[in-house]
Enquirer: 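If you scroll down you'll find the structure; I have some questions about it.
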Amino acid sequence: MDEHVPLKGGLLSAIQKGAADKSKVWRVLYILGLIACIFFSYYRYIDVSHGGAIITYLLYPLSICIMSLLLFTCDYAKYIEIKFLGAFIVWTILVALLHYGDSDTLLGGWFQSVVITIILCFSVAYAFQASTQKKLVSIFAVATITPAFLLSILALILVALNRKFTLSNVEGVLGFGEEGRLELFCHANISAAMCGLSLLLSLYLLLVYKKKAVRIVTPVLILVFYIALSLTDSRTGIISTAIAVALFFLFFGKESIRKKKMFLRVFLCVLIALAVPVCFYFGTALVRVAYNATLANSGTVQNEAPVSEQSEPYQADVSQSPSPADSPEILTDESQAVSSRDLSDAGTFNGRTGIWLGTLRGLLENPKILITGTTPPQAGIKMTPYFPESAPKYNFHNSYVAALVSYGAVGFLFIAAFLLALAVKCVKLVFGKRATSDYEMLFLPVILFFAVLEGMMEQFLFVDSMPTIIWVWLMFAAGIVFRRSHA
């Protein structure tokens, strides 16, 4: 021991320094773990056969370790929202035990995904100070944008070359699928959610960072994601992104708008709220029209894509993937007109209302489900007989309806109360007496609104067998909003 340092002071200093170093190490591991979860939300569609192993043997154990460290170092359990989400996990365990005889219950990917998104995604805000939380938004934004951009640009290049890339045992292709819609190794609706989220994150980076490199790169990212989103022809993805972009401009321009006279403030708000979504939506239609016109002028169109027929959505459980192809390969794809569906079936949300009404009939005939739930893997199986004959099997096309069947009325009320409390926090964050002017904080309600909208039309939240990118960002953003409310 160094003789120049007093024994007591030296020991205390060493202990404190060692504790601080260890604290830094596990927090760095926490960040890397969440980045891995973000990457996995893309990778899961490319390597279906090993996705479950990554959940079970990497992300799930890491989440349990992180929870232990949070409880030991951060007084984590004192917050009411943490106790609330803990109670929700207990309820999911009870539902799993009630259906213990069914396959894929307590040890299934769905339960592990619930734990991962609550601990690894939601709770990250409780491990860091407010100043670091802002940096995390940018770090995870880059982690989300990078794989989405690589997939999008490769898909667009393949489309330009009349090619598409297929992988064995993968549901989607990279390029145009059979429906004439752009796919990123997953169904076009999922691809649209990836592109829409990445577009919003790129807008955020463009606004927040003043560096020249960022100002050059982000417009390119936005353009690529906008074109890719347009070619998916996913009306849910396009409309959700359009509304989120409008909120983006409203929230980020609220200080400028407040300085105007009352009439001008109202006019600007109405103009932004109406004009931005309309221009965004019809802009995507123009992209598809321009693409089809280019093909027509070159005389290379070999087949027309379906225009308004109901498309087959993805399955929430990856175990129900289509039959695999023989081997990975790049196929020559006949120049195909991109699908361009209108809003003529908006009244039924492209047949979704039939699925929801069928689920209601199923619940009325089986009221026990409202008490005990079914678990997510069994929910679609039990309700599919009540779906319209033309509807795809197993998919509710609504995260909240799926949660009601999966977890029963109690589980659904947990989720509804969580989202309601989150909405109240967001309103206070943006418009309350202590409203924030931080761009990072103003951006989070935009992402949350986008995620909730996507969840209303697709089965992205709370019940999937693996974390989706929308689910990850919903919980990450929600955690920061809740944590900020205690500041």
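Predicted model, so just to flag it, every value in this text is computed and none were measured.
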Enquirer: Would you call the rings of F128 and Y30 parallel, tilted or perpendicular, where under 30° means parallel and over 60° means perpendicular?
Expert: tilted
Enquirer: Which residues satisfy the side chain to side chain contact (heavy atoms under 4.5 Å, CB included) test with A421, sequence neighbours excluded?
Expert: F482
Enquirer: Name all residues meeting the side chain to side chain contact (heavy atoms under 4.5 Å, CB included) criterion together with A36; count only those two or more places apart in sequence or in a different chain, and write none if there are none.
Expert: L59
Enquirer: S41: what forms a side chain to side chain contact (heavy atoms under 4.5 Å, CB included) with it, not counting sequence neighbours?
Expert: I469
Enquirer: Could I get the full list of side chain to side chain donor-acceptor pair (under 3.5 Å) partners for Y76, not counting sequence neighbours?
Expert: S123
Enquirer: Would you list the pairs meeting side-chain hydrogen bond (donor to acceptor under 3.5 Å, both in side chains) in which at least one residue belongs to residues 413-422, sequence neighbours left out?
Expert: none
Enquirer: Short question: side chain of T92, backbone of I89 - any donor-acceptor pair under 3.5 Å?
Expert: yes
Enquirer: Can you list everything that forms a ring-ring contact (aromatic ring centres under 6.0 Å, His included) with Y42? Sequence neighbours excluded, please.
Expert: none
Enquirer: For F39, enumerate each residue passing the side chain to side chain contact (heavy atoms under 4.5 Å, CB included) test, keeping only those at least two apart in sequence or located in another chain.
Expert: I35, A143, P147
Enquirer: Partners of K425 by salt bridge (Lys or Arg N to Asp or Glu O under 4.0 Å), sequence neighbours excluded?
Expert: none
Enquirer: Once you measure the plane-to-plane angle for F165 and F185, does it fall in the parallel (<30°), tilted (30-60°) or perpendicular (>60°) bin?
Expert: perpendicular
Enquirer: Who passes side chain to side chain donor-acceptor pair (under 3.5 Å) against D47, sequence neighbours left out?
Expert: Y43, S49, H50
Enquirer: S152: which residues meet the side chain to side chain donor-acceptor pair (under 3.5 Å) condition with it, sequence neighbours left out?
Expert: none
Enquirer: Residues in side chain to side chain donor-acceptor pair (under 3.5 Å) with E365, at least two apart?
Expert: Y386
Enquirer: Check whether the side chains of H187 and E458 place a donor and an acceptor atom closer than 3.5 Å, and report yes or no.
Expert: no
Enquirer: Is it the case that S138 and Y209 place a side-chain donor and acceptor less than 3.5 Å from each other?
Expert: yes
Enquirer: For the side chain of S63 and the backbone of I119, is there at least one donor-acceptor N/O pair under 3.5 Å apart?
Expert: no
Enquirer: Below 3.5 Å, can you tabulate the donor-acceptor pairs from side chains in residues 401-419 to any protein atom, sequence neighbours excluded?
Expert:
{"unit_1": "S406", "atom_1": "OG", "unit_2": "A402", "atom_2": "O", "d": "2.7"}
{"unit_1": "Y407", "atom_1": "OH", "unit_2": "F462", "atom_2": "O", "d": "2.6"}

